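See below for the structure under consideration.
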Amino acid sequence: MSLPRTSISPLLKAFNRTYSSNVAPTTKLFIDGKFQESQTTEWIDLHDPATNELVTKVPKTTQAEMQAAVESSRKAYESWKDTTVLTRQQLMLKFQAVIRRDIKKLAENITKEQGKTLVDAEGDVFRGLQVVEHSCAAGTLLQGESLNNIAKDVDCVSYKLPLGVVAGICPFNFPAMIPLWMAPLALIAGNTCIIKPSERDPGATMLLMELLNEVGCPPGVVNIIHGSHDAVNFICDSPDIKAISFVGSTNAGKYIYSRASATGKRVQSNMGAKNHAIVLPDANKDMAIDHLLGAAFGAAGQRCMAISVAILVGDAKSWIPEIVERSKRLKVSAGYEPGADIGPVISPQAKSKIVDLITSGIKQGAKCVLDGRNIKVEKYPKGNFVGPTILTEVQTDFECYQEEIFGPVLSVMFADTLDDAIEIINKNPYGNGAAIFTTNGSHARQFVNEVDAGQVGVNVPIPVPLPMFSFTGSRGSFYGDLHFYGKQGLNFYTQTKTITSLWRKGQAVSRPSVSMPVH
Ligand code: NAD
């Protein structure tokens, strides 16, 4: 996917003026098709990560408001489940058109609230848009199975039917893509949906709701609540919510998975990661280094599929100086500055965690060949910036290896053979993604067959599948059975009803049969 570089737009300038006034606007709830001010007394301040100026105040939704959202979803479900597949498909066709029209507006909001560069923010929207586009094929995606004459005069069909009210709990790092992994497929299957965006950047979700209203989505089909732990607990415990899609950190994911499944809910939980790339000395050097750095430092390392560990095999070790040189060329600045490559991280707390993990790596014996801890971005002295950082000679027992750093830090390890490198990956508890750079087909094949990760790239550093497949993180990166989007996503949001019918001409029964029917 290549998108044009975007410069700061007049719209964003206006946006900046509005938000630097003394009174920050509040983020609204979206209940029953209306944007409403929350009656809460508890608010979460949301700051621009590049300046730490207040952007908006996000409500911790009250219990009564959350209950109203569930009631609205329940009521809407009664009619939404009976709409035709064509109606739902048409809604998605219109939805994708307005998202495409407003992609820059959505991206500007993401950059302001989340910090990533404008071009990267457009990619965030674009990858969600692809799921909306895919869901336009509802008529095919929702088809069940059928078999005529499976026994004498007996036919069997199965339907994919909705579950009811479903919910999504989202992380901060993809404010548009991840709600769009959830709502479109839930809706085309006939469910209604409650989304809790990340309290750290709910703006993109709110803009998406404006678009859903514009294209005529009936009130209550999607409701938005905000907050953190209380909202999550409410969703886990509500008897009216039948399934939960969660994306976020491992601690929260494990907690939500166990609390919600204890109440009988279906849960899919995408969690943290530590993604490795193996670089073999036979790789195309230019391509491998560029891809590696893009995947390590893009979005300031705050992607669940970021490459955070590079294992250089054999002579590839000698590429370190060039890896460092090219990393130095990346421009660190506010995401809305033209030419910025790496924006700020989400919060001052995230920055200190990243800096502490780098420091701990050095204390445990890593060599810091590029140090971004003290970077100064002149125009944005208050921003949460961390420059690209490279630690070499990292060992598996270092804290910086065992923790998900979630910042622009590449840990480099060395291995003598491909076998050794694969062994390192397979011993890591996470299984989101892994990649190899090589020009040797048999090495690539060995890697694909032996590596224990759910999403594998061969000369592709961030192998996030397109929506016709599913996002298949494994091991410590995923709890559940059915994955997000693709066929599995649709199965997650549906239940199967199987109908067996017997229609026999002139059927004559002499006496009742009490033995097990074997057709
Ligand atoms: P987070 O877990 O802090 O927040 C995610 C959601 O859970 C938010 O809506 C938040 O309100 C809620 N939450 C946070 N802590 C909670 C707790 N203790 N109990 C209950 N709810 C809680 O995650 P984040 O920092 O917003 O996102 C970054 C994390 O998400 C990283 O670990 C990243 O790897 C992961 N992630 C994973 C994927 C994937 O597909 N595997 C995709 C994106 C992000």
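Given the structure is predicted, the values throughout are model-derived calculations rather than measurements. For ligands, and for the atoms within them, numbers begin at 1 and follow the listed sequence.
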Is there a polar contact, in the sense of an N or O pair closer than 3.5 Å, between [X] and ligand 1?
X	value
Asn173	no
Cys304	no
His229	yes
Glu404	yes
Cys170	yes
Val247	no
Glu199	yes
Ser477	no
Ser228	no
Ser198	no

Contacting atoms of ligand 1, where contact means under 4.0 angstrom from a heavy atom of [X]:
X	result
Gly272	32 (O), 34 (O)
Phe246	5 (C), 6 (C), 7 (O)
Arg200	3 (O), 24 (P), 25 (O), 26 (O)

[X]: heavy atom below 4.0 Å from ligand 1, yes or no?
X	result
Asn432	yes
Phe484	no
Phe174	no

Ring geometry between [Y] and [X] (parallel below 30°, tilted from 30 to 60°, perpendicular above 60°):
X	Y	answer
Tyr479	Tyr257	perpendicular
His291	Phe437	tilted
Tyr336	Tyr380	perpendicular

Any idea which protein heavy atom is nearest [atom], and the distance to it?
atom	value
atom 1 (P) of ligand 1	Ser249 OG, 3.6 Å
atom 27 (O) of ligand 1	Pro171 CB, 3.3 Å
atom 40 (O) of ligand 1	Asn270 ND2, 3.0 Å
atom 41 (N) of ligand 1	Met271 O, 2.8 Å
atom 26 (O) of ligand 1	Phe172 N, 2.9 Å
atom 20 (C) of ligand 1	Val232 CG1, 3.6 Å

Side chain, backbone, both or neither: which part of [X] has a heavy atom under 4.0 Å from ligand 1?
X	value
Ile169	side chain
Arg303	neither
Gln302	neither
Ile178	side chain
Phe406	side chain

Is any side-chain heavy atom of Tyr493 closer than 4.5 Å to one of Ser245?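 Yes, side chains in contact.
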Regarding [X] and [Y], is there a side-chain donor-to-acceptor distance under 3.5 Å anywhere?
X	Y	value
Glu71	Gln67	yes
Ser333	Lys331	no
Asn491	Lys160	yes
Ser308	Glu404	no
Asp240	Tyr77	no

Please find the pair of heavy atoms, one from Leu185 and one from Ser135, that lie closest to each other, and give the distance. CD2-CB, 4.0 Å
Is it true that the NZ or CZ of Lys116 lies under 6.0 Å from the centre of Phe174's six-membered ring and within 45 degrees of the ring axis? yes
If you look only at pairs with a residue in residues 31-67, which of them pass as a ring-ring contact (aromatic ring centres under 6.0 Å, His included), with sequence neighbours excluded?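 Qualifying pairs, neighbours excluded: Phe30-Phe35.
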Which pairs with one or both residues in residues 382-392 pass side chain to side chain donor-acceptor pair (under 3.5 Å), sequence neighbours excluded?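 Of all non-adjacent pairs touching residues 382-392, those that pass side chain to side chain donor-acceptor pair (under 3.5 Å) are Asn52-Asn384.
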Counting only heavy atoms not in Lys487, do more than 12 fall under 6.0 Å of its NZ?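 It does not: Lys487 NZ has 12 such atoms or fewer within range.
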Check each of Phe492, Phe478, Phe471 against His483 using the ring pair (Phe, Tyr, Trp, His ring centres under 6.0 Å) test, and report the only one that passes. Phe478
Test: Glu210 and Lys28 ion pair at under 4.0 Å: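 So Glu210 does not pair with Lys28 through a salt bridge.
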Nearest candidate to atom 13 (N) of ligand 1, where distance is taken over non-hydrogen atoms, out of Gly248, Ala252, Cys236: Ala252
